[in-house]
Amino acid sequence: MTTGRLAAVFGCSGPELTPDEAAFFRDADPFGFILFARNVADPVQLRRLTAALRDAVGRDAPVLIDQEGGRVQRLRAPHWRDWAPPLDTVAGARDPLRAMWVRSRIIAHELRGVGVDANCAPCADVAGDDTHPFLKNRCYGTDPAVVSEISAAVAEAHLAGGVLPVIKHLPGHGRATADTHHDLPTVTASRAELTATDFAPFKALNHLPMAMTAHIIFAAYDDQPATQSATMIRVIRDEIGFQGLLMTDDLNMQALRGTLADRTAASMAAGCDIALHCKGDMAEMLEVAGACGDQSAAIRARAARALAARHAPDPVDILALEAEFRGLMSGDAHG
């Protein structure tokens, strides 16, 4: 399984790949790509863009997106279905586990239809009273066992639809009281508390192929954001037991300090496998590319295992699933 050369995932600037971007991607050969709303116009355009990204690197590179539903949803009406925030679906469903599986299977179907084959979901963070609003309704609940069960269903539905799930945000974002897009949160819970709650869903999902880190300090362990903490990466690998491909959260988020090169180098030195840069800014991508380095043999092996989990979608009757989902949300099991 060819995984590319560079230990990075990059965005692009707009709805069409520019000649400069195509040339850069051909030379850098990153592991994969990520799309945002700026890259999306309609299904025909999006299929053309995902094909162009893969053509640039000459292989079936993974194309990622954030399609959680609610606020974090890059594909929207009128061309795609709009979804309620995950926590609202869980709260309103007659059978939350089945509802989240069905919803995720429909999302995976829509993604594969436009050439997207990895989704940054499930969000396995455990919500609490103080969870920052930027995250709270993206979570699946406040009970670690429930979050584990629903997250597993979401991941399984994606895999059934031929889409790689990227679990986030290891080792747990739920206690953060600040938005990591703007600030660096510090979590003060004890190691015992974290193991019993925040870490538990990720331990239950540690067999999944890909995951994303959290830009959060866990004071019980050290004073560095988990993304840049060798201690926290060891917790993710050894205590939580995640052996899959570990990406950073977006390196542009203001929870991190220093230049992009500094942020990238610190994340890779701590033990992250893949540097994620989402903005699609060429100068910034060059900076990240210069700092992340090529995939090591160990990273290539984890990347190949992750890509091996990607397969053609299982057959599905989407209209039947839509009807089932409506029934699950109305309390009528038969729609």
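Taking both residues in full, the closest heavy atoms of Cys292 and Leu6 are given as SG-CG, 3.6 Å, listed atom of the first, atom of the second, then distance. The heavy-atom pair separating Leu321 from Val102 by the smallest distance is O-CG1, 3.3 Å. The shortest heavy-atom contact between Ala220 and Ala189 is CB-O, 3.5 Å.
Of the possible polar contacts, none joining the Gln228 side chain to the Ala270 backbone as a donor-acceptor pair under 3.5 Å is found. A side-chain donor-acceptor contact under 3.5 Å links Arg38 to the backbone of Lys279. Within the 3.5 Å criterion, the main-chain N or O of Ala28 finds a donor-acceptor partner in the side chain of Arg5. Under the 3.5 Å distance criterion, the side-chain polar atoms of Thr248 are left unmatched by any main-chain donor or acceptor of Leu251. Without hydrogens or angle criteria, Gln295 side chain to Thr3 main chain gives a donor-acceptor distance under 3.5 Å. Judged purely by atom type and a 3.5 angstrom limit, Arg105 has no side-chain atom pairing as donor or acceptor with the backbone of Val154. Between the side chain of Ser330 and the backbone N or O of Gly327 there is at least one donor-acceptor pair closer than 3.5 Å. Of the possible donor and acceptor atoms, none in the side chain of Asp273 sits under 3.5 Å from a partner among the backbone N and O of Ala7. A donor-acceptor contact shorter than 3.5 Å is absent between the side chain of Glu324 and the backbone of Ala320. Without hydrogens or angle criteria, Glu21 side chain to Thr18 main chain gives a donor-acceptor distance under 3.5 Å.
Taking the ring axis of Tyr221 as reference, the NZ or CZ atom of Arg191 stays within 45° of it and closer than 6.0 Å to the ring centre.
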(request) Dump the intermediate steps for side chain to side chain contact (heavy atoms under 4.5 Å, CB included) on Arg81 and Glu322, then the final yes or no. (result) CA-CA 11 Å; Arg81 295 161 182 82; Glu322 287 181 322; 2.4 Å; yes

(request) Determine, stepwise, if the pair Leu97 / Val146 fulfils side chain to side chain contact (heavy atoms under 4.5 Å, CB included). (result) CA-CA 9 Å; Leu97 191 65; Val146 170; over 6 Å; no

(request) Under the side chain to side chain contact (heavy atoms under 4.5 Å, CB included) rule, what do Phe134 and His173 come out as? Steps first, then yes or no, please. (result) CA-CA 11 Å; Phe134 102 94; His173 211 304; 3.7 Å; yes

(request) Check the pair Ile216, Thr180 against side chain to side chain contact (heavy atoms under 4.5 Å, CB included), reporting the backbone distance first and the verdict last. (result) CA-CA 8 Å; Ile216 296 173; Thr180 46; 4.1 Å; yes

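Between the side chains of Asn206 and Gln243, no donor N or O sits under 3.5 Å from an acceptor N or O. A donor-acceptor pair shorter than 3.5 Å can be found between the side chains of Asp125 and His169. Counting only N and O atoms by type, the side chains of Asp183 and Gln254 include no donor and acceptor under 3.5 Å apart. At a cut-off of 3.5 Å, with distance as the only test, a side-chain donor of His215 or Thr227 sits close to an acceptor on the other residue. Side chain to side chain, Thr89 and Arg103 meet the donor-acceptor criterion of an N or O pair below 3.5 Å. Using modelled atom types, one finds no donor on one side chain facing an acceptor on the other under 3.5 Å when comparing Thr177 with Asp130.
Salt-bridge check for Arg59 with Asp29: passed, with a basic side-chain N closer than 4.0 Å to an acidic carboxylate O. Using a cut-off of 4.0 Å between Lys/Arg side-chain N and Asp/Glu carboxylate O, Arg54 and Asp117 are scored as salt-bridged.
Interatomic distance, SG of Cys120 versus CG of Leu64, reported as 5.0 Å (0.5 Å rounding). Atom CZ of Arg112 is separated from atom NE2 of His158 by 12.5 Å, given to the nearest 0.5 angstrom. Atoms CZ and CD, from Arg175 and Glu193 in turn, are 5.0 Å apart once rounded to the nearest 0.5 Å. Atom SG in Cys123 sits 10.0 Å away from atom CE in Met212 (nearest 0.5 Å). Rounded to the nearest 0.5 Å, atoms CG (Asp249) and NZ (Lys168) are 7.5 Å apart. Interatomic distance, Met253 CE to Leu276 CG, rounded to the nearest 0.5 Å: 9.5 Å.
Relative orientation of the Phe10 and Phe24 rings is tilted, given thresholds of 30° and 60° on the angle between their planes.
In this view, Val116 and Leu35, Thr50, Val63, Ile65, Leu111, Val114 satisfy the side chain to side chain contact (heavy atoms under 4.5 Å, CB included) rule, not counting sequence neighbours. Remark: Phe325 pairs with Trp83 by the ring-ring contact (aromatic ring centres under 6.0 Å, His included) rule, at least two apart or across chains.
Cluster membership check: Met210 shares its hydrophobic cluster with Ile299, using side-chain heavy-atom separations under 4.5 Å among Ile, Leu, Val, Met, Phe, Trp and Tyr. Hydrophobic clustering places Met282 together with Phe33 (ILVMFWY residues linked when any side-chain heavy atoms are closer than 4.5 Å, directly or through intermediates). In the hydrophobic clustering of ILVMFWY residues, with side-chain heavy atoms under 4.5 Å counting as a link, Val163 and Ile150 come out apart. Under the 4.5 Å side-chain contact rule for hydrophobic residues, Met100 and Ile318 do not share a cluster.
Side-chain contact between Trp80 and Val40 is present, with at least one heavy-atom pair separated by less than 4.5 Å.
Within 6.0 Å of the CD atom in Glu239, the count of heavy atoms belonging to other residues, nucleotides or ligands exceeds 12. Atom NZ of Lys203 sits in a sparse spot, with 12 or fewer heavy atoms from other residues, nucleotides or ligands closer than 6.0 Å.
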